[in-house]
Amino acid sequence: MTPYDPKKIEEKWNKKWLEEKVFKATDDSKKPKYYQLETFPYPSAAGLHMGHPKGYTAEDIRARYMRMHGNEVLYTMGWDAFGLPTENYAIKVGRNPKDVARENTDNFRRQVQMFGFSYDWDREIDTSSPEYYKWTQWLFIQFFKKGLAYRKEAKVNWCPKDQTVLANEQVIDGKCERCGTEIEERMMEQWFLKITDYAERLLADLKGLDWPAPTIKRQEDWIGKSEGAELSFTLNWPAPKMDLVFATNNQGKFKRMQKLFAEAGLSITLKMPADIGIKDFDVVEDGKTLAENTEKKARALAKLTDLPVFADDTGFFIDGTEINPVTVKRNALGGVDEKSLTMEQIAEKMQVYYKSVATARGGRVDAEWHQALCFITPERAAVHEEAVRPVVLTDEMHGTFDPSLPLRGLYIPKATGKYPSEETEEEELLELKPLTDAIKKLFTPAIKIFTTRPDTLFGATYLVLAPEHPFVNGCIKQKAIANIDEVAAYVEASSHKTDRMRQEEVKDKTGVELKGVKAINPATKEEIPIWVADYVLGSYGTGAIMAVPAHDERDFEFAKKFGLPIKQVVLKPNAPIKSYLMGGEKITDQDLKNLDIRIVEVIPSGDRKIIIPENKITDYEKLITEKIDVGFWNEYIGKETVFIFKHSDNRTERIVLSNETEAHINDLASQFAKQKFISPWLMLAENKWYEDIIIHLEYGALINSGQFSDMDSEKAKAEITKFVGGKMKTQYKIRDWSVSRQRYWGVPIPMIHCPKDGIVPVPENELPVVLPDLENYRPQGMPPLASSPAFINVKCPQCGGDAKRDPETLDTFVDSSWYFLRYPDPHNATAIFDKAKVAHWMPVDLYVIGAEHTVMHLLYSRFVTKFLHDEGYFSFIEPFKKMRHIGLIMGADGTKMSKSKGNVVNPDEIVAEFSADAMRMYLMFLGPFYDATPWDAKGILGIERFLKRFWNYCNGVLEQAATVSTPANTTQKPSATNALHRTIKKVGDDIEAFKFNTAISALMILLNELEPSAPLAKDELVSLVKLIHPFAPHMCQELWSLMGNASYLDFEPWPAYDPALIAQEKITIVFQVNGKTKDTVSVDAAIDEGAAKEMALASEKVKAALATAGVSTPKRVIYVDKKLVNIVI
RNA sequence: GCCCAGGUGGCGGAAUGGUAUACGCGUGACACUUAAAAUGUCAUGACCGUAAGGUCUUGUGGGUUCGAGUCCCACCCUGGGUACCA
């Protein structure tokens, strides 16, 4: 018998697989494609940790399994080789990061090759190679060209000692990971990718993906969509008198606007740019929405003057969809350069275009005419307003053409029903009313807030602004408030706070009031105070909130601390609650436990006595009135309602009430709430009921809300928003992706800063911008690349003048956000990939990834995919069809493996001591693939034994077949064949379901059954070897070869099973009495109900059990097919 | 705090509402051996019992069901994520 020598076998096959390129994936194969993506590792100096081979083994099993099912499998390996740890390590040891990375990569490659993973090594990629990062740079330039890569000021973590920016992960407890110095936050101009533009699609397209549900949820949470309303709170300030520049050079338009301003009753003097000496300002119209365009235009002008600026922009909406003004103009002009045309020519072309739109839709089309307004305040804040007028688009040309009003004659205003040219002056003003109103609103001092609970507007008792809100700045600058110093100091102090420090203050909110200014609640018309507090973030929504302390926890705490009014406006629906205040003393969960009760509802006891109107007293209410001392609540025990009274001497008393009173009591409770306990303006200072108010965030019937009282709060959202002239709005939490890194070991950002032309991308035919070798990689207050004149100094590709390269590098997440698109065509030197190849292989059919990467990497990869889809590179919109997660391998002590704990298991040592096959199989056997499981050093012995036994068994069968004249299958028991078929089914099902642990256990069970006396026929043995092959490929390939085959087992068909043979197996039927097992019998699978019941009643053990119970005839006999008979007595 | 996952022998873990503890580790006994290792055989949830057998047991307490680890309600604990997102 050949002894099992795994070292030799594994070395032999690893070498052959590599040299013969056995697993090379063919692009034009006729087999169905299957693309399996492996998380490409970050090659650290420490080498692979156990988590890598766990995930990789699972994928290798699947890859080999899929090949045996006739698929052409694309299965690859690469290196995410750029990154900070390598750079830091290189600095520490005084070497070049490139050399360090190469060594690490070599070591990783050696290790994964040792495990025998079936990669196509011809497709190996490395993000730090110029061949790869050329395309990372190219990708960045495509983003830039589409306006999706831009620069803005952003907060960064700065280590003053290391003179560098740190990633969030490098900041531990507010200190630098390496030197322990307290980090600072600095504002720096950085590159961003505009992932926010894709927020809605990134959210919507999650539907239908075969991903773990928690992962989908985390993506959703990260995108953080909130639907709510934007509401405007006017201030008790007069509209300001001021000079205002209107962003137009068109006399007609200007005069018209002047008229509207006068109509709005504003004491504002409008000026044309020419009036203040500005001849030309840059009117770029390439924004996305009307509002964005308008602001862009306004900002462009504002750059040239200190005066406040006003701009507008217009567009049609048909069926609620904006006809993008840029698109419209582009379509209308038909590729002709705008600059070569006169105003009249442009107008004419626009008319023709609109006419064609109307004609295309059948002549007359209902539409909306939107006019976006933007006001740049003296503080340089942008305030927006939008006027909407319903119109009918028509294809009839009408009236005289007015070049200043290009669209007149093409629509009929709904307000007047006449063509604009036929309107009287009064009619025209009527038609323009929404615009006048919008203008009026725009210049009436007001604060916009975003809320998800517009239904609680009547309960908004104060406003809170973020310290960075422009209005706060304006108040300080214009000395418009009574406590300037206090507010300025607060703003100043919070600007020095790090986000971390803000977080620590969650429990203790700070803030100051803006004294001398009040806002007006648009619903109640009452004046409410305005506060500045850093619990409101400047970066979300409008940077301002309405505070509804009765229905928002943060507002509640703030109101409590500063004695602000709390007004309840939503009734709490009947629901259990956990804790409450009673008699000034908090009842804890432990108290409830001691009382052995369950709280169902708590009725606030007001001023400690319940007062019931005399004429309404019923017996039960009388009972309550008499009994009540401190408080009471009711709860349900079993099916009864119990009233519990708490008295001032801490005595509790319980009275059981019948069922029918329950509704009555509840009704009573809600009446109390309305009549007595919920005062419309509950002031902390004046009212000691305060503590009995239970803030809640639920939906219910509105109270104290004027005409909306009694309305359901969900419904009231839209109604109240409409009532106060707000608009429904969707907000996202996701922020744009910051990609600048001020470090060396990454992809150089392919941009050139020219003093004349601004930011210019490196021409694509000059890519890659190669990362230069430097003398010193240490960042010294500036990015390392900035210190290399040879790298930095460059000629501007546009003007040819002196310019500088961008000295920063890209976040490594950019490298990994597209690597799966490179494997289909890894060596393409002329394009990022060949479209046909990507169309063939993508999307990824299976991606196995650590649960720790479920947010960033996936979000970025999906974003890049959608972007390239939009650019026309492929038709799919999601990169990863199916995804599964790896659970961690923990140390033997059940905690995460770490050097400091000394519980790290080194894969090299395990392979040296046992074998690669044993390690692969043991990793799969440890526990469920998705769960974190501890590495038990002894457990692998079981796998080693199994492999040896299996080897010996196979060799035994083969020898017997060779020496004994009778064919092996004559000695075989039928049950062995049946067991084999049962196991073929089980292993296949389990591999499909990622249940590798139970697949292996099924194989062990089979071997236990086969040994020692149930040999399989030789062809059956082949099936068995194939079955184990994905788990232990070296050994199985060797066995296959010992059987005299020259081929590779991976391309042999997966064994089929015969369901009829599985059905022939004996089954065990259980006999129960009242659900307790009394007897088991082994029967043929063909047993029917009658026979089974008969056998059960005939069973001695069942008879004995019946006799003991003194029962002769059972009440019922239940039969579960092929499972059990339960006799109910 | 909120969200997610999970609590089953000495350990890792198995179980479409149907024999709880498969499979493996460990442990014990035995066989082989001069001996040890390796290998093989048997046993191995707890308690009571000489035994036959019985009782209990899947974090806790209830519920639904002929029957619950599995479904429902409440609670406790552990792990992970998140953090003032209005």
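Order of the sequence lines fixes the chain letters, A, B, ..., with proteins taken first and strands second; residue numbering starts at 1 for each chain.
- Base pairing of B/U50 is not made with any nucleotide, judged by Watson-Crick or G-U wobble geometry with both donor-acceptor distances under 3.5 Å.
- For A/Leu537, the listed nucleotide lying nearest its side chain is B/A86; candidates were B/C3, B/U82, B/A86.
- Nearest-nucleotide mapping onto RNA chain B: of A/Ala932 and A/Val1120, the residue sitting toward the 5' end is A/Ala932.
- Summarising the base pairing, B/C75 is matched to B/G59 through a Watson-Crick or G-U wobble pair whose two defining distances lie under 3.5 Å.
- When the C1' atom is compared between B/A31 and B/A35, the two are found 15 Å apart, to the nearest whole Å.
- Searching all strands for a Watson-Crick or G-U wobble partner of B/U27 with both distances below 3.5 Å returns B/A43.
- Rounded to whole Å, atom C1' of B/U78 lies 14 Å from atom CG of A/Asp931.
- Between A/Arg982 and A/Glu1009 there is a salt bridge, with a side-chain nitrogen of the basic residue lying less than 4.0 Å from a carboxylate oxygen of the acidic one.
- Between the C1' atoms of B/U57 and B/A20, the separation comes to 9 Å (whole Å).
- Rounded to the nearest Å, the gap between the P atom of B/U70 and that of B/G59 is 8 Å.
- Using atom P as the reference point in both B/C56 and B/C75, the two lie 29 Å apart (nearest Å).
- Residues A/Phe994 and A/Phe996 bring their aromatic ring centres within 6.0 Å.
- Distance CD (A/Gln219) to P (B/U82): 13 Å, rounded to an integer number of Å.
- Comparing the same atom, P, in B/A46 and in B/G28 gives a spacing of 15 Å after rounding to whole Å.
- Comparing the P positions of B/U44 and B/A52 gives an interatomic distance of 12 Å, to the nearest angstrom.
- Aromatic ring pairs are classed by plane angle as parallel below 30°, tilted from 30° to 60° and perpendicular above 60°; the pair A/Tyr922 and A/Trp935 is perpendicular.
- Ring planes of A/His853 and A/His857: perpendicular class, angle over 60° (limits at 30 and 60°).
- Taking atom NZ of A/Lys1076 as the reference point, atom P of B/G18 lies 18 Å away to the nearest angstrom.
- Remark: B/G1 base-pairs with B/U82; criterion is Watson-Crick or G-U wobble with both hydrogen-bond distances under 3.5 Å.
- Put simply, CG on A/Asn1074 is 7 Å from C1' on B/C66, counting in whole angstrom units.
- A/Lys509 contributes a side-chain N or O that forms a donor-acceptor pair with the base of B/C84 under 3.5 Å.
- The phosphate of B/C66 (OP1 or OP2) has a side-chain N or O of A/Arg1116 nearer than 4.0 angstrom.
- Spacing between atom CG of A/Asn952 and atom C1' of B/A38 amounts to 12 Å, rounded to whole angstrom units.
- Note on A/Ala547: nothing from the nucleic acid sits closer than 4.0 angstrom, heavy atoms only.
- Of all nucleotides listed (B/U82, B/C4, B/C56), B/U82 comes nearest to the side chain of A/Arg218.
- Proximity of A/Tyr490 to A/Thr510: side-chain heavy atoms (C-beta onward) are separated by under 4.5 Å at one or more points.
- Residues A/Lys225 and A/Glu200 are paired through a salt bridge, judged by an N-O separation under 4.0 Å between the basic side chain and the carboxylate.
- Base pairing annotation: B/U70 forms no Watson-Crick or G-U wobble pair, as no partner gives both donor-acceptor distances under 3.5 Å.
- Looking at heavy-atom distances under 4.0 Å, A/Lys995 makes contact with sugar-phosphate atoms alone, never a base.
- Of the possible polar contacts, one joining the A/Thr542 side chain to the A/Lys448 backbone as a donor-acceptor pair under 3.5 Å is found.
- Of the residues near RNA chain B, A/Ser226 and A/Lys986, the one whose nearest nucleotide (by heavy atom distance) lies more toward the 5' end is A/Lys986.
- In this structure, B/U33 makes no Watson-Crick or G-U wobble pair, since no nucleotide meets both defining distances under 3.5 angstrom.
- Atoms NZ (A/Lys733) and P (B/C3) sit 13 Å apart, rounded to a whole Å.
- Rounded to a whole Å, the CD atom of A/Glu553 is 13 Å from the P atom of B/C84.
- Between A/Met856 and A/Trp222, the closest side-chain pair of non-hydrogen atoms falls below 4.5 Å.
- Residue-level contact check: A/Lys948 touches neither bases nor backbone, having no heavy atom under 4.0 Å from any strand.
- A salt bridge links A/Lys1093 with A/Glu1089; the closest basic N to acidic carboxylate O contact falls under 4.0 Å.
- Judged by distance alone, with hydrogens and angles left aside, the side-chain atoms of A/Arg920 form a donor-acceptor pair with the main-chain N or O of A/Phe1031 at under 3.5 Å.
- Regarding the sugar-base torsion, B/G9 falls in the syn class, its angle being within 90° of 0.
- Taking atom CG on A/Asp221 and atom P on B/C4, their separation rounds to 9 Å, with Å as the unit.
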inquiry  = Treating primed atoms plus P, OP1 and OP2 as sugar-phosphate and everything else as base, which nucleotides of nucleotides 19-27 of chain B get B, S or - for protein heavy atoms under 4.0 Å?
reply    = BS-BBSSS-
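- Rounded to whole Å, the separation between the P atoms of B/G17 and B/A68 comes to 14 Å.
- B/C73 and B/G24 have their C1' atoms separated by 38 Å, given to the nearest Å.
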